[in-house]
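Scroll down for the structure; my scribbles are underneath it.
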Amino acid sequence: MRAPNRWRLLWSYLRRKTCIPGLPVEYIVETTAKCNLYCPMCPREIYRQPKEDMTDAIFERLVRESAPAAEHMMLIGLGEPLLDPKIFDRIEYCARHGISTLLSTNGTLLDERAAERLLASPLEHVTLSFDGATRETFEYYRKGARFEQVRDNFVRFCRMKHERRARVQIVVQMVRLERNAAEADDFLRFWSSVPGVDLVRVKEDETRLLRPGAGHPPGHWKHPCHYLWRGPIYIKHNGDVYPCCQSYALGGRPVGRIGERPLAELWNAPEIVRMRELHAAGRGGEVEICSRCVTTIPHPVLVVGSLLLHGRTVRRLLPTVERLARRLLRPPVDTHRAEDEAGVRRVETAE
């Protein structure tokens, strides 16, 4: 049913239908709210998180209900996945239901034993988060982690993958922030030389916490946000469902909870339908949360491509698309910085 589901989503997106006869193809599932680091760009610094894991009942119900349509499940959130004692069981459970899985880890717990277990699992993709090329920068953004330990954990994991010819895709990623922006070239150079790494990526910051002036200007709402038609939908560890990861990070309210209503009803909850209506009318900026979002909005051509192809293929092509199709992406801007630069230009013109 996955291909017919994608066609239903595509038809709904192209026709700007606001009640969708299908289910998301991607999910972000926070299997644990626990984390062992304190990072200034993380929403955990604003929203206190309990030291709790998702229950089996919530997780298994979500997987069962989403299985006919789900193609990709990102077992991440505001917690560190390797702190979830059942993370390997959850990866296996998804695989038994035909759903590919992704993890993103801070690397502090990726010792040799954990590396062995990940490489032996059906995990298809792992993002290794490493926000800096120097000890000073890395440890500023990853408070509680040690630069050399995490670097060595990642290098060992990548080499083990290379030696075993494991199929898991490894992406080493740095989020571009003020203090590490000048280190991007060194970051790319070092990690590109490590055997087993499939891709080295420098990603723009999407948290907004360190860029309070960032957002989409009014003219950027010509195209609706693809998240509302294809996902990923965001599920907190307690089963609360949000339209997307940004809706939680920006203080939005859940539209319901797994187990209280069928997933198909949650996907067409009144608040999500309202958001789709405004986006379909080119008025996405009137959604309070969307007006403060810093996620890039792709051109409809890219959205169509993401629905014509299986989620596994989309995931592998995404970095290439980001490099080659910048004109078809609509990144947010720092409105405060733009205003300052405009003021400087006006002064220069006057002089």
Side-chain angles (χ1 to χ4, degrees), residues 2 24-36 53-54 56 58-60 62-64 66-67 69-130 150-174 191 194-201 203 231-235 237 245 309-319:
R2 289 184 171 92
V25 294
E26 290 190 343
Y27 298 75
I28 298 177
V29 185
E30 184 183 87
T31 69
T32 182
K34 299 180 297 190
C35 190
N36 55 348
D53 302 319
M54 181 176 282
D56 289 344
I58 291 174
F59 183 79
E60 291 174 6
L62 169 64
V63 171
R64 289 196 304 270
S66 65
E71 298 178 1
H72 207 86
M73 198 163 277
M74 294 167 268
L75 305 183
I76 57 178
L78 294 189
E80 163 55 40
L82 294 181
L83 281 171
D84 177 4
K86 296 188 176 183
I87 190 62
F88 299 102
D89 295 332
R90 301 190 201 273
I91 294 170
E92 293 283 353
Y93 192 78
C94 286
R96 291 200 299 272
H97 287 80
I99 303 172
S100 64
T101 49
L102 172 150
L103 290 186
S104 177
T105 177
N106 63 35
T108 55
L109 302 174
L110 192 59
D111 56 19
E112 189 168 357
R113 181 173 181 273
E116 290 276 8
R117 295 189 70 183
L118 278 182
L119 292 173
S121 77
L123 181 71
E124 294 196 7
H125 179 114
V126 60
T127 297
L128 308 180
S129 299
F130 201 79
V150 175
R151 181 194 59 196
D152 293 348
N153 283 352
F154 283 168
V155 169
R156 179 181 57 237
F157 178 68
C158 294
R159 287 178 173 165
M160 289 171 64
K161 176 249 179 160
H162 179 71
E163 291 167 359
R164 290 161 175 71
R165 297 184 179 181
R167 297 183 62 184
V168 62
Q169 182 186 34
I170 295 179
V171 175
V172 185
Q173 177 174 284
M174 181 181 88
W191 289 104
V194 176
V197 175
D198 295 288
L199 179 72
V200 186
R201 184 185 188 207
K203 178 186 176 183
I233 198 169
Y234 186 81
I235 295 91
H237 74 284
C245 58
L309 302 172
H310 189 280
R312 181 182 297 109
T313 304
V314 171
R315 175 62 52 185
R316 290 185 176 273
L317 290 177
L318 178 60

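As the structure is a prediction and not an experimental result, all values here were calculated from the model.
- The heavy-atom pair separating Glu92 from Pro122 by the smallest distance is OE2-CD, 3.3 Å.
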Q: Mind running side chain to side chain contact (heavy atoms under 4.5 Å, CB included) on Met74 and Tyr234 for me, showing each step along the way?
A: CA-CA 10 Å; Met74 294 167 268; Tyr234 186 81; over 6 Å; no
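- No side-chain heavy atom of Ser100 sits under 4.5 Å from any side-chain heavy atom of Glu71.
- The line from CD of Glu124 to CZ of Arg167 is 7.5 Å long, rounded to the nearest 0.5 Å.
- By the 4.5 Å heavy-atom criterion applied to side chains, Val29 and Leu62 are counted as neighbours.
- The two residues Gly196 and Lys161 come nearest to each other via the heavy atoms O-NZ, 3.1 Å.
- Nearest heavy atoms, Leu83 versus Cys35: CD1-CA, 3.6 Å.
- You'll find the side chain of Thr105 stays beyond 4.5 Å of the side chain of Leu118, heavy atoms only.
- A 4.5 Å side-chain heavy-atom check between Ile235 and Met54 finds at least one atom pair inside the cut-off.
- With respect to Lys86 and Asp56, a salt bridge is recorded, a charged nitrogen being found less than 4.0 Å from a carboxylate O.
- Side chains of Thr101 and Ser121 form no contact here, defined as non-hydrogen atoms less than 4.5 Å apart.
- Between the side chains of Thr32 and Glu80, no donor-acceptor pair is found at a separation under 3.5 Å.
- For the pair Val172 and Val194, the minimum side-chain heavy-atom distance is 4.5 Å or more.
- For the atom pair Asp84 CG and Leu109 CG, the distance stands at 11.5 Å (nearest 0.5 Å).
- With sequence neighbours excluded, no residue satisfies side-chain hydrogen bond (donor to acceptor under 3.5 Å, both in side chains) with Tyr27.
- Checking Asn106 against Ser129 by side-chain atom types alone, no donor-acceptor pair falls below 3.5 Å.
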Q: May I have the step-by-step check of side chain to side chain contact (heavy atoms under 4.5 Å, CB included) for Arg2 and Ile99, ending in yes or no?
A: CA-CA 11 Å; Arg2 289 184 171 92; Ile99 303 172; 3.8 Å; yes
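- Here the side chains of Val63 and Cys94 are in contact, with some heavy-atom distance below 4.5 Å.
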Q: Evaluate the criterion side chain to side chain contact (heavy atoms under 4.5 Å, CB included) for residue pair Leu119 and Val168; output intermediate values, then yes/no.
A: CA-CA 7 Å; Leu119 292 173; Val168 62; 3.8 Å; yes
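- The one candidate from Leu110, Asp111, Asp152, Val197 that meets the side-chain contact (heavy atoms from CB on, under 4.5 Å) condition with Phe157 is Leu110.
- Inter-residue side-chain proximity for Arg64 and Tyr93 is flagged as met; some heavy-atom pair is nearer than 4.5 Å.
- By the ring-ring contact (aromatic ring centres under 6.0 Å, His included) test, His162 pairs with no residue at all, sequence neighbours left out.
- Of the options Leu75, Ile76, Ile91, a side-chain contact (heavy atoms from CB on, under 4.5 Å) to Leu102 is made by Ile76 and by none of the others.
- Rounded to the nearest 0.5 Å, atoms CG (Leu128) and CE (Met174) are 14.5 Å apart.
- Between His125 and His72, the ring-plane angle classifies as perpendicular under the 30° and 60° cut-offs.
- One distance of note links OG of Ser66 with CE of Met73; it measures 3.5 Å at 0.5 Å rounding.
- Between the side chain of Gln173 and the main chain of Arg201, no donor-acceptor pair closer than 3.5 Å is present.
- Screening Arg90, Lys34, His237 for a side-chain hydrogen bond (donor to acceptor under 3.5 Å, both in side chains) with Asp53, the sole residue that qualifies is Lys34.
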